[in-house]
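Naming convention: chains lettered A, B, ... in sequence-line order (proteins, then strands); numbering from 1 in each chain. These numbers come from the heavy atoms of this one structure, side chains and all, not from hydrogens, waters or symmetry mates.
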Amino acid sequence: MNIDLIFKIAGIGIVVGILHTVLAKVGKEEYGYIVTLAGVVVVLTMVLTLISRLFDNVKTIFQLY
Amino acid sequence: MFLIKLFACLVVILTSSGLGFSYSRLYDKRLNNIIIFQYCIQILETEVVYAANPLPDALNEVYNKGNKKVSYVFSEICKYLLNNKKSDVYDGFLHIVSELKESLCFNKQDIEIILSFGRSLGISNRIDQEKYFKVIQMQLKGQQKEAEEEKAKSGKMYKSLGVLIGFGIVLALY
């Protein structure tokens, strides 16, 4: 497990948060929501492998094969 | 390897920031050009209403006296009028529409105002012409105000958007 990924996700979160604020301030809330959604998708693709590994581990621990 | 990565990140951030800044500069340009165009219209009014010059001479005079960044469109109209003796002033204005749109960054509304002015220029007596000049000056004032608001709002937005998207790409790909 590397810590870098957490910092990366935190960075993306900050940037997306600022983007949302900027867009909301100039009255383009709909684009703000799209940006937030895109950020969520990007982060999800990053952690997808980790989540699938977690499920695999859970399955092995409880012997659900 | 680390240095190459750092360099690539810098390139991405600088490029997207540059894009944002250049896009926001379009709003700056439009505002400046509208203001200069108003001065040109004032010069044209003096030439037509008070000096009573014929239109091609008046347009040429506007080109000579006005800021060349914008006033060159008047010399274009002048050339068009001198080269096409059978067409009217409105055709001359239609001739510069693409120039107004691409080089001067005017939007559809600005161009429509200028075209409707072109339709009424040089077809009636001096008192009527004076009224047309007053109308276009008022309309351009309104456009100037709108351009100022747009610049304050969208110009700033595109600047910060460029920088932030650059950082976002770098963070997502690093």
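Remark: B/F7 engages B/V11 in a side chain to side chain contact (heavy atoms under 4.5 Å, CB included) (not counting sequence neighbours).
One distance of note links CG of B/L164 with CG of A/L19; it measures 4.5 Å at 0.5 Å rounding.
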Enumerate, by atom name, each donor-acceptor pair separated by under 3.5 Å where one atom lies in chain B and the other in chain A.
{"from": "B/Y174", "atom 1": "O", "to": "A/K8", "atom 2": "NZ", "distance (Å)": "2.6"}

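When side chains are defined from C-beta on, A/L23 counts as touching B/L161, because their heavy atoms get closer than 4.5 Å.
Of the two parts of A/V42, only the side chain, counted from C-beta on, holds a non-hydrogen atom closer than 4.5 Å to a non-hydrogen atom of chain B.
Residue B/Y80 qualifies as enclosed at atom OH: its count of foreign heavy atoms under 6.0 Å is above 12. The 12-atom threshold is exceeded at NZ of B/K68, counting heavy atoms of other residues, nucleotides or ligands nearer than 6.0 Å. Within 6.0 Å of CG on A/L44 lie more than 12 heavy atoms contributed by other residues, nucleotides or ligands.
Applying the ring-ring contact (aromatic ring centres under 6.0 Å, His included) rule to pairs touching residues 119-143 of chain B yields B/F117-B/F133, sequence neighbours excluded.
If you chain together ILVMFWY residues whose side-chain heavy atoms come under 4.5 Å of each other, B/L31 ends up grouped with B/I35, B/Y39.
Shown here for A/M46 and B/L171, the closest heavy-atom pair between the two residues is CE-O, 4.4 Å.
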Step-by-step side-chain contact (heavy atoms from CB on, under 4.5 Å) determination, A/V15 to B/I165:
CA-CA 8 Å; A/V15 168; B/I165 286 177; over 6 Å; no
